[in-house]
Trainee: 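Handing you a structure now.
Since this is a predicted model, take the numbers as computed values, not measurements. In what follows, chains are A, B, ... by sequence order, proteins preceding strands, each numbered from 1.
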Number of protein chains: 2
Amino acid sequence: MTVWERPARGARGPAPERSRAEVTAAAVALADESGLAAVTMRRVAGRLGTGPASLYRYVSSRDELIDLMADAMTGEIDLTAPLGGDPVEDLLALASQARALHLSHPWLLDVPPERLRLGPRGLDYLERALTAMAPAALPGHARLETVALLSGLAKLFARTELQAAQTSTERHAAQAGYLARAAAEGTRPLLAAALAESAASGLPEDLQALFERTARRVLAGLLTGDQK
Amino acid sequence: MTVWERPARGARGPAPERSRAEVTAAAVALADESGLAAVTMRRVAGRLGTGPASLYRYVSSRDELIDLMADAMTGEIDLTAPLGGDPVEDLLALASQARALHLSHPWLLDVPPERLRLGPRGLDYLERALTAMAPAALPGHARLETVALLSGLAKLFARTELQAAQTSTERHAAQAGYLARAAAEGTRPLLAAALAESAASGLPEDLQALFERTARRVLAGLLTGDQK
DNA sequence: TAAAAGCGCGAACAGCGATCGCAGTATCGG
DNA sequence: CCGATACTGCGATCGCTGTTCGCGCTTTTA
């Protein structure tokens with residue numbers, strides 16, 4: 001049984017001293033401060049002033065806690081703004097919010113996407129995307145795939161953006177060094193050229209704008225072509 | 001210093017009893033059989049008939065071992081076939097291979113893509129993609145982003161395909177049940193419709209074909225439009 | 001009012017990645 | 001040719017992880 005259907009508390013015993021929301025909030029705070037790896041049962045419990053074992057009254061595993069965290073973040077996306085009617089633009093607005101969400105909570109990128117982990121807020125997000133897509137003539141599965149693709153795109157851009165932004169950790173510096181040395185080696189001339197050109201132009205433009213332009217093109221391609 | 005530049009063995013002492021390639025092969029075999037989580041230092045060592053501590057002579061951390069594994073798999077991609085000259089088709093051929101690779105080694109999807117982890121074979125792959133893209137008129141950073149996007153697309157399709165294929169684990173069944181119940185609830189009508197339609201049509205078509213069609217459209221959109 | 005169920009949580013377990021230090025061995029500098 | 005040096009294999013061990021068990025207590029049910 002999933003967290004979403006399991007009742008928050010039993011009918012019999014004393015009232016729980018905390019709530020799932022509180023536990024989730026503590027975990028999210030921890031992740032915002034120190035990354036997803038810092039979200040250990042012990043640390044979350046410590047922040048709540050209790051022992052690790054107590055958390056298992058609220059959550060059946062760490063994975064489930066992460067599900068709660070992710071769904072809580074999805075809930076931060078605004079689904080109330082009126083739709084314009086153009087599927088491309090409406091979907092783009094949604095995807096931009098998703099990208100912004102990942103930028104402000106980078107640990108979301110570390111949540112393994114393995115088996116789909118949709119909670120109620122995730123489903124609302126999905127429904128909203130389907131609503132925006134309603135005017136387009138597409139088979140059902142294509143609609144779902146479009147949403148998945150768009151989410152992937154938002155994550156991808158958020159990831160590259162965060163990579164560029166972060167002042168280099170130990171590891172990152174080593175990797176960059178190797179990349180530079182490998183490019184300068186002579187083989188792989190096109191890679192060297194692309195890196196050089198990329199470095200020369202710096203961060204040439206607004207990344208949000210770049211994301212929007214790319215997403216618009218991708219969406220246009222996906223929504224217009226009925227077949228072929 | 002990265003694995004790729006660190007010498008495989010010191011100049012002084014006795015010859016190592018194993019090689020990086022052997023260690024990597026053992027780890028890959030383990031991952032193929034039982035998933036990435038089964039790749040623990042102890043288990044890899046066990047398979048090699050040695051102790052966990054010995055592995056650290058070949059690899060400085062588990063993460064590094066995973067880097068080796070991923071790059072070894074990338075090396076399985078054939079980069080020797082002649083290019084046709086059409087960037088879209090040539091890139092598509094490359095991406096199809098990447099997708100197939102993820103299908104035959106599903107644990108690749110569990111490798112966290114966090115900080116870029118390109119080894120020599122990964123760089124060769126990248127160079128090949130840039131070669132295929134050479135005819136297109138694009139700024140350097142756009143070329144790199146296109147490759148990243150294409151890789152993400154291949155992973156995305158591989159993931160959904162594997163999800164559909166796997167006979168439900170405990171967790172997967174629970175999730176599916178919740179999804180069905182949440183859709184049947186009345187709110188979220190479009191989600192219900194999309195799921196129903198999707199279930200009705202089963203797996204309607206060749207997923208490879210679907211991937212190719214989608215990738216072609218995305219690539220066409222990315223490579224042709226110079227600006228706007 | 002007795003039974004049943006739920007709660008908080010101290011203690012403990014198995015498994016993990018990684019480190020330390022030592023005995024043995026191959027190479028280098030003189 | 002011979003220390004000195006640097007490297008290898010690896011048993012023992014550390015600190016940390018997610019998770020379980022069981023007990024005392026509290027609340028609800030019958």
Side-chain angles (χ1 to χ4, degrees), chain A residues 1 3 5-24 26-27 30-31 34-69 107 110-112 114 117 170-171, chain B residues 1 3 5-24 26-27 30-31 34-69 107 110-112 114 117 170-171:
Chain A
M1 172 167 302
V3 217
E5 304 193 87
R6 177 155 26 86
R9 56 160 301 190
R12 214 54 82 87
E17 296 179 2
R18 281 161 275 267
S19 70
R20 267 183 203 161
E22 280 176 89
V23 174
T24 306
L30 219 40
S34 320
L36 191 63
V39 179
T40 71
M41 300 306 266
R42 276 164 236 265
R43 281 220 255 275
V44 174
R47 184 175 272 256
L48 290 168
T50 179
S54 305
L55 295 185
Y56 288 87
R57 294 281 178 200
Y58 299 89
V59 136
S60 73
S61 72
R62 178 175 183 265
D63 273 13
E64 208 175 77
L65 175 56
I66 292 177
D67 290 351
L68 286 174
M69 293 167 67
W107 54 268
D110 297 331
V111 177
E114 29 184 7
R117 324 173 86 128
E170 191 74 21
R171 173 175 191 93
Chain B
M1 173 167 302
V3 217
E5 303 193 88
R6 178 154 25 87
R9 57 161 299 191
R12 213 56 79 90
E17 297 179 1
R18 280 160 277 267
S19 70
R20 267 183 205 163
E22 281 177 87
V23 174
T24 306
L30 218 41
S34 319
L36 191 64
V39 180
T40 69
M41 301 307 267
R42 276 163 234 265
R43 281 220 254 275
V44 174
R47 182 174 273 258
L48 291 169
T50 180
S54 305
L55 295 185
Y56 289 88
R57 293 280 176 202
Y58 299 90
V59 137
S60 74
S61 71
R62 179 175 182 266
D63 274 13
E64 209 176 76
L65 175 56
I66 292 178
D67 290 351
L68 285 174
M69 295 168 66
W107 54 267
D110 297 332
V111 177
E114 29 185 5
R117 325 172 85 128
E170 191 76 19
R171 172 177 191 94

Trainee: Using 0.5 Å steps for rounding, measure from the CG atom of B/Asp67 to the CE atom of B/Met69.
Mentor: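 The CE atom of B/Met69 is 10.5 Å from CG of B/Asp67, to the nearest 0.5 Å.
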Trainee: Report yes if some heavy atom in the side chain of A/Val44 is under 4.5 Å from a heavy atom in the side chain of A/Arg62; otherwise report no.
Mentor: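 No, every pair of side-chain atoms sits at 4.5 Å or beyond.
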Trainee: Check this for me: does any side-chain nitrogen of one of A/Arg20 and A/Glu64 sit under 4.0 Å from a carboxylate oxygen of the other?
Mentor: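 No, this pair does not count.
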Trainee: Between A/Arg6 and A/Ser60, is there a side-chain heavy-atom distance shorter than 4.5 Å?
Mentor: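 In short, these two side chains touch, coming nearer than 4.5 Å.
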Trainee: Within this structure, what is the CD1-CG distance for the pair B/Ile66 and B/Leu36, rounded to the nearest 0.5 Å?
Mentor: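 It is 4.5 Å, given to the nearest 0.5 Å.
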Trainee: Reading DNA chain D from 5' onward, which residue's closest nucleotide shows up sooner: B/Arg42 or A/Arg43?
Mentor: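 Residue closer to the 5' terminus by nearest nucleotide: B/Arg42.
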Trainee: How close do B/Leu55 and B/Ala45 get, heavy atom to heavy atom, and via which atoms?
Mentor: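 Taking every non-hydrogen atom into account, CD1-N, 3.8 Å.
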Trainee: Would you name the heavy atoms of A/Ala31 and A/Val39 that are closest together and state the gap between them?
Mentor: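 Taking A/Ala31 first and A/Val39 second, the nearest heavy atoms are CB-CG2, 3.7 Å.
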Trainee: Among residues 44-58 of chain A, which contact DNA chain D at a heavy-atom distance under 4.0 Å?
Mentor: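 Those residues are A/Ala53, A/Tyr56.
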Trainee: For the residue pair A/Pro16 and A/Glu22, establish whether any side-chain heavy-atom pair is separated by less than 4.5 Å.
Mentor: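 Heavy-atom side-chain distance check fails, nothing below 4.5 Å.
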Trainee: Which part of the nucleic acid does A/Val39 contact within heavy-atom distance under 4.0 Å: base, sugar-phosphate only, or nothing?
Mentor: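 Sugar-phosphate: the residue A/Val39, judged by heavy atoms under 4.0 Å, touches backbone atoms but no base.
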Trainee: Give each protein N/O atom lying under 3.5 Å from an N/O atom of nucleotides 24-28 of chain D, with the pair distance.
Mentor:
residue : atom : partner : partner atom : Å
D/dT27  : O2   : A/Arg12 : O            : 3.3
D/dT28  : O4'  : A/Arg12 : O            : 3.1

Trainee: First contact, last contact: which nucleotides of DNA chain C are these for chain B, 5' to 3', heavy-atom distance under 4.0 Å?
Mentor: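 Endpoints of the contacted stretch of DNA chain C: C/dC16 to C/dC28.
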Trainee: Bend angle of the helix from C/dT1-D/dA30 to C/dG30-D/dC1 from five-pair axes at both ends, rounded to 10°?
Mentor: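 It comes to 10° between the two terminal axes.
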Trainee: Considering only residues two or more places apart or on different chains, which pairs with a residue in residues 39-50 of chain B satisfy side chain to side chain donor-acceptor pair (under 3.5 Å)?
Mentor: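 Matches after skipping sequence neighbours: B/Glu33-B/Arg47, B/Thr50-B/Ser54.
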Trainee: Verify, without hydrogens or angle tests, whether A/Tyr58 (side chain) and A/Arg18 (backbone) share a donor-acceptor contact under 3.5 angstrom.
Mentor: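 It does hold such a pair.
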Trainee: Any chance you could measure B/Asp63, atom CG, to B/Leu68, atom CG, to the nearest 0.5 Å?
Mentor: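 Nearest 0.5 Å value for the CG-CG distance: 11.0 Å.
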Trainee: What residue pairs, at least two apart or across chains, pass side chain to side chain donor-acceptor pair (under 3.5 Å) with a residue in residues 7-17 of chain A?
Mentor: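 Qualifying pairs: none.
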Trainee: Measure CG/A/Leu30 against P/D/dT17 and give the value in whole Å, please.
Mentor: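 Atom-to-atom, A/Leu30 to D/dT17, this comes out as 11 Å.
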